[in-house]
Amino acid sequence: MSPTIPETRVLAVASHVVSGYVGNKIAVFVLQALGCDVAALNTVQFSNHTGYRQFKGTRTTAQEITDLYDGLRQSYLDDFDMMLSGYIPGAEAVAAVGKIAKELKEKYQNSPGRFFWVLDPVMGDNGRLYVADEVVPAYKALVPYADLILPNQFEAEQLSEVKITDLKSLAQAIQALHDKYHVPHVVITSVTLSAPESHLSVVGSTMTSTGKARLFKIVFPAIKCYFSGTGDMFGALMVVRLREAVGEAGLTGRPSWLSDDGVAPTELPLAKAARKVLASMHEVLARTAEGMARVVERTEKEIGGEGQIDEKRAHLVKSKAAELQLVRNLSCLQAPEVDFEVVALD
C-alpha cells in the first residue's frame with residue numbers, strides 16, 4: 001500500500017523489549033508500516049516489558065543517550081522531521097532527551113514547521129506514579145519545548161496541577177497546559193469522566209493564536225481486556241496521522257503546524273488525526289482480544305502442567321496474551337474500516 005504522508009524521518013526515543021510490543025518495538029513497526037523512515041534510540045533494553053513482573057536487561061544512562069545522539073549528529077544523520085519520545089528512565093535521562101529535542105528545534109529555528117516534537121510524558125496512571133518523584137519536574141521543564149503532548153488523565157493532572165473530576169475541570173486542565181507551558185497541541189487519552197462504562201473518550205485541543213483552547217472529544221467503545229503498549233501505539237499513529245492531516249491542510253510551513261483561529265475544533269488536523277488513530281487502535285485491540293484465548297491455550301500447552309498452572313505462571317500467560325497483535329493486522333493500521341464521530345466541547 002502506497003504511503004499517504006510526505007517523506008518523513010522520525011527520531012523515536014523509547015524503551016525496547018526483545019520480545020513483545022511496547023515502546024519502540026511498537027513505534028518503529030507502526031511508523032515504518034505507514035511509510036516513515038525511523039531512527040530508534042532505545043532508553044532501555046529489556047527482555048520483556050515490566051508488566052510481566054520479571055525481566056532482565058539494562059537502562060540506558062543519560063550519558064549513553066547523549067553519546068548515541070552525538071554519534072548520529074557527527075555523521076549527519078540528525079536530519080529529522082519529527083521526534084517521538086516515550087518512556088525515559090529517570091530525571092537525568094529525561095533532561096538528556098529534552099536537550100536533543102531543544103537542539104533539533106534550534107537547528108531549524110529559521111524554518112517554521114520544519115521540525116515537530118511529539119512528547120508522551122510517561123509518568124504514571126490510575127492515580128499513581130511509576131517513576132521517581134523527580135521525573136515530574138523534569139518533564140515540566142520540557143513541556144514548553146514540545147509541539148504536541150500526549151498525557152493520560154493522571155499525567156495531565158500532574159502537569160497542569162488541576163484535579164480532573166468532570167468535563168469542566170478537564171477543560172480547565174487543558175487550558176492550564178496551554179497557559180503554563182504554551183504547548184500548542186494537547187491530547188488527553190483514556191478519559192472516563194463523561195462516557196458510559198462501556199466507552200472511553202479522548203479529548204484534545206489545538207490552541208488559537210491567543211492561547212485559547214479549541215476542545216474536541218471522540219468517544220469510542222471500550223474493549224474489556226487488559227492490553228500492553230496501547231499508549232505507545234497511540235503516539236506512533238499520531239505522528240503519522242498528524243503529519244498526514246497537516247500536509248492536507250497546507251500547514252507544514254507554519255510554526256508548530258497551528259491552524260487559523262477560525263478553524264472549528266472538529267476540523268482541526270489534530271482532531272482528524274485522532275479520529276484515524278482511534279479507528280486503527282480499536283481494530284487492532286479487537287483482533288488482539290479475539291486471539292487471546294488461542295495464545296493462552298498455546299502457551300499453557302508449551303509450558304506444561306495444563307490445568308495446574310500456579311498464580312505466577314498464570315500471570316505470565318495472561319501478559320503474553322495481552323501483547324498487541326500488530327504484525328498480521330497491517331490493514332488495521334493502514335486503512336481502518338471503523339469510524340468515530342468528533343464533537344466540539346464548549
Side-chain angles (χ1 to χ4, degrees), residues 8-34 36-73 75 77-78 80 82-101 104 117-125 130-132 135 138-139 142 150 152 226-240 281 284 288 316 319-330 333:
T8 304
R9 182 161 162 77
V10 182
L11 175 61
V13 184
S15 58
H16 174 81
V17 290
V18 176
S19 178
Y21 288 95
V22 298
N24 267 348
K25 277 291 287 290
I26 283 182
V28 172
F29 181 83
V30 169
L31 291 166
Q32 289 178 335
L34 294 174
C36 295
D37 178 38
V38 188
L41 200 167
N42 298 325
T43 57
V44 306
Q45 167 83 345
F46 288 164
S47 56
N48 48 270
H49 70 74
T50 58
Y52 282 83
R53 301 177 189 164
Q54 58 182 28
F55 61 94
K56 298 285 187 179
T58 58
R59 293 170 173 83
T60 310
T61 67
Q63 187 59 55
E64 288 168 337
I65 289 170
T66 300
D67 289 345
L68 288 167
Y69 180 72
D70 285 345
L72 295 176
R73 185 174 52 187
S75 296
L77 297 172
D78 58 338
F80 298 108
M82 300 183 73
M83 176 172 162
L84 170 65
S85 58
Y87 175 72
I88 307 167
E92 289 186 2
V94 168
V97 171
K99 186 173 184 290
I100 293 170
L104 285 165
W117 181 20
V118 179
L119 168 62
D120 183 358
V122 181
M123 296 183 288
D125 201 0
Y130 44 65
V131 296
V135 170
Y139 269 120
L142 295 191
L150 304 174
N152 58 35
Y226 166 74
F227 303 99
S228 58
T230 53
D232 301 308
M233 181 166 64
F234 188 94
L237 285 167
M238 276 300 299
V239 165
V240 177
M281 290 195 64
V284 169
T288 299
L316 296 175
S319 297
K320 184 177 180 182
E323 300 278 11
L324 298 178
Q325 296 185 15
L326 290 171
V327 176
R328 297 180 67 85
N329 290 304
L330 271 176
L333 301 177

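A quick note: this is a predicted structure, and the numbers were derived from the prediction, not measured.
Two residues are said to be in side-chain contact when any heavy atoms from C-beta on lie closer than 4.5 Å; Val38 and Leu84 fail this criterion. Taking 4.5 Å as the limit, every side-chain heavy atom of Thr50 sits out of range of all side-chain heavy atoms of Tyr130. The side-chain heavy atoms of Val118 and Met82, taken from C-beta on, include a pair separated by under 4.5 Å. Side-chain atoms of Tyr69 and Leu104, non-hydrogen and from C-beta on, do get closer than 4.5 Å to each other. Counting heavy atoms from C-beta on, the side chains of Ile88 and Val122 never come closer than 4.5 Å. Annotation: side chain of Ile100 is in contact with side chain of Ile65 (closest heavy-atom distance under 4.5 Å). Taking 4.5 Å as the limit, every side-chain heavy atom of Val284 sits out of range of all side-chain heavy atoms of Phe227.
Annotation: side-chain hydrogen bond (donor to acceptor under 3.5 Å, both in side chains) contacts involving residues 16-31, sequence neighbours excluded, comprise Asn24-Asn42.
In this structure, Thr230 and Met281 approach most closely via the heavy-atom pair O-CE, 3.3 Å. The shortest non-hydrogen separation linking Ile26 to Gly229 is CD1-O, 3.2 Å. Of all the heavy atoms in Ala62 and Ala96, the pair that sits closest is O-CB, 3.8 Å. The two atoms that bring Ser85 and Trp117 nearest to each other are OG-NE1, 3.0 Å, heavy atoms only. In this structure, Ala321 and Thr288 approach most closely via the heavy-atom pair O-CG2, 4.1 Å. Nearest heavy-atom pair, Leu324 versus Ser228, reported as atom, atom and distance to 0.1 Å: CG-O, 3.3 Å.
Put simply, the residue from Val22, Val17, Val18, Thr58 that forms a side-chain contact (heavy atoms from CB on, under 4.5 Å) with Phe46 is Val17.
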Using the rule given for side-chain contact (heavy atoms from CB on, under 4.5 Å), can you reason through Leu333 versus Phe29, listing the C-alpha separation, both sets of side-chain angles and the distance that settles it, and then say yes or no? CA-CA 10 Å; Leu333 301 177; Phe29 181 83; 4.0 Å; yes
Start with the C-alpha distance between Leu142 and Val97, add both sets of side-chain angles, then the distance that settles side-chain contact (heavy atoms from CB on, under 4.5 Å), and finish with yes or no. CA-CA 9 Å; Leu142 295 191; Val97 171; 5.5 Å; no
Where do Val13 and Met83 land on the side-chain contact (heavy atoms from CB on, under 4.5 Å) test, with the steps shown first? CA-CA 8 Å; Val13 184; Met83 176 172 162; 4.0 Å; yes
Test log, rule side-chain contact (heavy atoms from CB on, under 4.5 Å), inputs Leu316 and Gln54: CA-CA 9 Å; Leu316 296 175; Gln54 58 182 28; 3.5 Å; yes
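With values rounded to the nearest 0.5 angstrom, Thr8 atom OG1 is found 9.5 Å from Asp37 atom CG. Here the CG atom belonging to Asp232 is positioned 11.0 Å from the CG atom belonging to Leu237, to the nearest 0.5 angstrom. Atom-to-atom distance recorded for Asp125:CG and Asn152:CG is 4.0 Å, nearest 0.5 angstrom.
Judged by distance alone, the side chain of Asp120 and the main-chain N or O of Tyr87 form no donor-acceptor pair under 3.5 Å. In terms of modelled atom types and a separation under 3.5 Å, the side chain of Arg9 and the main chain of Leu77 share a donor-acceptor contact. Put simply, the side chain of Ser15 never gets that close to the backbone of Thr43: no donor and acceptor are under 3.5 Å apart.
For Glu92, the CD atom counts as loosely surrounded, since its 6.0 Å shell holds 12 or fewer non-hydrogen atoms of other residues, nucleotides or ligands.
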